[in-house]
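Down below is the structure, laid out as structure tokens.
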Amino acid sequence: MRLWYRNILWKIILLAFLFNPGELSAQEPAVTPSISKASTPQPAVPHLADLIPQGTALINRFAKLETVLKSGLDPLEVQSQLVEIDSNLKKYAAKLQKLKTTSIAGGGQLMKLQLEMTSTAEVLNGINQSVTEQLRTLVDLQNEWVKEQEHWEVWRAALLSDESPSEVKGTFDKAAHTIDKALGLILPKLQPLLTLQKETGRHQIKLKTQTIEVRSIHMPAQSGATTGDSSPPMFSSAYVSQLRAALRSPLNVKLDQMVRADLAFFTRQGWILLTQVVLSLVLVLVLFRQRPQLADSERWQFVARRPIAAGLFTILLLGAPFYTGPPVSFMFAFVLMAGVAFARLLGSLLTTGWRTQLIYWLLTLMILTRLFYVLDLATPLFRLYFLVAALLTLIFCLRWTTKKSHGGDTPRFPGLFALAAAFLTVIVFSEVFGEAERGEYLFNTSLRTLLTLFAFGLLTYLIRGGLEGAVHSSFLQTIPLVRRNAANIIGRMGLLVSVLIGVIVLAFWLEIWGVYDSPGNALRELLAWGVSIGGQDLTVGQVIAGFGAMGVILLISWLMQQLLIEDALGTRHVERGIRFSIGRLIHFVLVFVGGIVALLILGVDLAKLTLLGGALGIGVGLAAKDLLSCFFGGLMIYLDRPFAVGDWIRSPDREIEGTVEKIGVRLTRIRTFDQRPLYVPNSIFSNTAVENPGRMLNRRIFETIGIRYDDVSKMAVIVQDVEQMLRAHPEIETARTLMVNFTTFAPSSMDFFIYTFTKTTNWEHYHKVKQDVLLRVTEIIKTHGAQIAFPTSTVHVPNHLSLRQETAE
């Protein structure tokens with residue numbers, strides 16, 4: 001199977017580089033030491049008394065300039081590195097020419113050459129970045145001193161005259177001399193840096209062209225040029241003769257070159273390795289000391305069993321991106337140590353079964369592959385190794401695909417193993433039928449892809465475990481906010497870690513499959529990709545940064561609401577409704593600020609947005625007037641707090657009475673006393689009187705009681721006894737108004753009234769108290785021989801009239 005679409009892609013890229021070489025040096029910014037002479041405002045002339053201090057400050061700046069220039073980049077050292085890189089590029093060209101014509105030593109040497117070229121590209125990128133930063137610093141310094149020279153010339157013309165004191169003239173002369181010395185130090189350093197930058201760009205173009213040629217060997221063109229000569233079918237006599245020749249030839253290991261490469265690498269980046277060793281020891285010691293606590297955690301038990309492997313694996317994986325241009329032998333040792341530590345950790349974490357077997361097998365293949373590249377095996381031996389490794393892996397996949405579950409450990413998704421088996425079948429057929437480059441490419445990329453996924457998956461697991469342990473630590477558990485929201489904090493931070501590591505894994509995959517030269521370039525290209533909307537360029541990086549800023553604002557809003565609602569205001573016994581209102585206001589303000597920040601990151605012109613927002617605001621305001629009225633009505637309910645959830649309210653103006661169940665953004669739900677829900681728009685409460693009986697301090701007893709006219713002599717003592725009874729009653733609030741008085745001559749009774757308040761506000765208990773009070777009043781009236789009046793009529797008969805009684809006979 002020939003990947004014709006990849007051939008076309010690489011041809012297009014090669015043509016683009018050939019016809020547009022300026023694009024290849026995108027990392028070579030055009031920095032020139034020319035100084036702009038544009039018209040600028042004249043500097044303010046200092047007072048004569050400030051002139052000498054200005055001269056002293058100028059001398060101090062010159063001393064700092066000397067220190068900066070001494071600590072800068074050494075052009076001779078960079079030149080020696082470029083000479084070494086130029087020598088390597090010539091070697092790469094010779095090896096590349098040899099690989100194009102050889103029939104035996106292609107496979108391993110090709111991959112090794114790719115690794116070496118990738119390392120050289122990273123070194124070149126680092127040199128180019130350092131030279132560019134130094135050059136930019138020098139140009140900025142030159143601009144500053146040129147401006148300083150212009151200032152002093154203006155001051156000389158304004159302050160210096162024939163009558164000026166000699167000290168003034170000496171200050172100007174010394175300042176001019178200092179500026180000339182400063183420019184004399186800066187200018188000689190610019191030209192070498194410009195030359196180095198130009199030479200670095202030339203090397204980058206040359207290396208990029210060689211990299212494209214190396215990749216084209218992996219993907220031969222379709223114009224009839226096959227790999228039949230260099231990679232014959234494995235069942236042919238040509239392959240057998242190649243295999244015999246490879247077995248007779250000694251291993252192509254150039255130990256002297258490897259030693260020189262290692263020494264140069266350790267001289268340049270040995271501090272990274274030393275730092276990793278120290279950090280690994282520190283982490284291992286920490287894990288040993290925390291073993292009892294780790295053993296109690298379900299997520300960290302495997303780390304407690306393998307503290308050395310955990311410390312070594314974590315530091316190696318985190319420090320790997322900092323190496324630039326590592327030699328093949330160092331990479332083999334690095335992979336060996338990381339692989340062993342990785343296997344030990346996963347062997348302790350995973351249960352016995354297909355997972356452990358798969359991890360151990362993949363790590364074994366990775367270590368063997370790296371070893372064979374270091375040994376630089378001939379192509380026939382490499383083909384045989386890839387064939388055997390692919391067949392054994394294929395058998396493993398088929399075994400676990402067809403195995404049925406009988407209570408044992410079997411894959412949950414056998415379809416993935418079936419897909420892997422099909423992929424391995426392609427690799428086997430590629431090796432057998434002479435597509436050695438295809439088979440090698442697919443084997444290496446798939447192996448590195450899986451191991452990258454597993455390695456970063458384990459790293460994610462470790463980091464999430466670390467977050468969980470940190471949040472549940474005794475120190476952080478003393479913080480109420482952390483203690484209450486431990487699960488929420490772990491979930492959000494774990495999600496952030498998973499997203500970040502997922503992006504890193506994607507960058508590594510793009511580098512593994514040859515889409516980009518390095519994970520860093522992959523990230524830069526992915527973040528720089530975008531579209532143009534209405535003349536506005538929008539990149540993935542801007543979108544991610546915008547969402548990130550919004551996420552940070554939301555996190556800050558959540559933290560502030562928690563701190564205010566539960567801690568700051570909660571400890572001061574502020575009503576929960578008020579706390580909630582303040583929290584929501586802070587949330588809305590922060591979300592608004594976050595939206596503005598996100599729009600600024602996206603490059604939106606806020607002036608245009610303000611005009612558009614004003615027009616939309618008028619339209620939305622007119623269309624959603626009632627909705628906004630309800631919203632602000634609800635906001636005023638939260639601020640003024642005329643009632644809260646659970647209060648009994650009623651409106652004298654409207655037929656609204658019941659218990660408040662929910663105060664929403666637009667509606668308030670009230671449960672009436674016949675248990676029907678009543679939904680009232682919040683805008684109603686803005687212009688309606690609301691009575692809140694639920695917040696009464698006492699309930700009132702106001703009753704009028706009448707006695708007969710025949711008991712008029714007993715009224716005074718009855719009223720007195722009733723008042724004494726009320727003042728002695730335990731359920732009556734005597735601190736409030738308490739009145740018992742004879743008030744009215746009614747048509748059939750003499751009335752006195754009772755006006756008092758109960759201590760309770762509970763509706764049910766109030767009626768029990770009122771019942772007790774009325775019964776006691778009744779007993780007092782009976783005690784005095786009086787009676788409670790009821791409606792009667794009295795008929796008066798004149799004296800001259802008599803009633804005749806008739807009896808029935």
Are the side chain of [X] and the backbone of [Y] linked by a donor-acceptor contact shorter than 3.5 Å?
X: Asn128; Y: Leu124; answer: no
X: Tyr385; Y: Pro380; answer: no
X: Gln276; Y: Ile315; answer: yes
X: Arg448; Y: Ile512; answer: no
X: Arg344; Y: Ala309; answer: no

Inspect the surroundings of CG in Leu394 and state if more than 12 heavy atoms from other residues, nucleotides or ligands are less than 6.0 Å away.
yes
Within a reach of under 6.0 Å around OH of Tyr360, are more than 12 heavy atoms found that belong to other residues, nucleotides or ligands?
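Atom OH in Tyr360 is crowded, with more than 12 foreign heavy atoms closer than 6.0 Å.
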Please report the interatomic distance [atom1]([X]) to [atom2]([Y]), rounded to the nearest 0.5 Å.
X: Leu450; Y: Ile359; atom1: CG; atom2: CD1; value: 8.5 Å
X: Ile367; Y: Leu362; atom1: CD1; atom2: CG; value: 11.5 Å
X: Met337; Y: Leu316; atom1: CE; atom2: CG; value: 5.5 Å
X: Arg464; Y: Leu496; atom1: CZ; atom2: CG; value: 10.5 Å
X: Met366; Y: Leu336; atom1: CE; atom2: CG; value: 12.5 Å
X: Leu283; Y: Ile308; atom1: CG; atom2: CD1; value: 11.5 Å

From CA spacing to verdict: side chain to side chain contact (heavy atoms under 4.5 Å, CB included), Ser430, Glu440
CA-CA 9 Å; Ser430 298; Glu440 179 184 4; over 6 Å; no
Minimal non-hydrogen separation, [X] against [Y], with atom names:
X: Val428; Y: Ala390; result: CG2-CB, 3.8 Å
X: Pro307; Y: Leu287; result: O-CD1, 3.5 Å
X: Ala455; Y: Phe342; result: N-CZ, 3.7 Å
X: Gly311; Y: Val284; result: CA-CG2, 4.1 Å

Yes or no on side chain to side chain contact (heavy atoms under 4.5 Å, CB included) for Asn444 and Phe386, after CA distance, side-chain angles and deciding distance?
CA-CA 9 Å; Asn444 281 298; Phe386 289 135; 3.8 Å; yes
Hey, mind stepping through Ile463 and Ile501 against side chain to side chain contact (heavy atoms under 4.5 Å, CB included) and telling me if it holds?
CA-CA 10 Å; Ile463 294 176; Ile501 292 184; 3.9 Å; yes
Could you tell me whether the side chain of [Y] reaches within less than 4.5 Å of the side chain of [X], counting heavy atoms only?
X: Trp361; Y: Leu392; value: yes
X: Cys397; Y: Leu424; value: yes
X: Tyr239; Y: Leu384; value: yes
X: Arg244; Y: Val240; value: yes
X: Phe443; Y: Leu365; value: yes
X: Thr200; Y: Ile85; value: no

Classify the angle between the aromatic ring planes of Phe456 and Phe508 as parallel (below 30°), tilted (30 to 60°) or perpendicular (above 60°).
tilted
Begin from the C-alpha positions of Leu196 and Leu82 and carry the test side chain to side chain contact (heavy atoms under 4.5 Å, CB included) through to its verdict.
CA-CA 8 Å; Leu196 290 176; Leu82 291 178; 3.7 Å; yes
List for me each residue that meets side chain to side chain donor-acceptor pair (under 3.5 Å) alongside Arg305, sequence neighbours excluded, and say none if there are none.
Ser348
Between Thr449 and Trp513, is any side-chain donor less than 3.5 angstrom from a side-chain acceptor?
yes
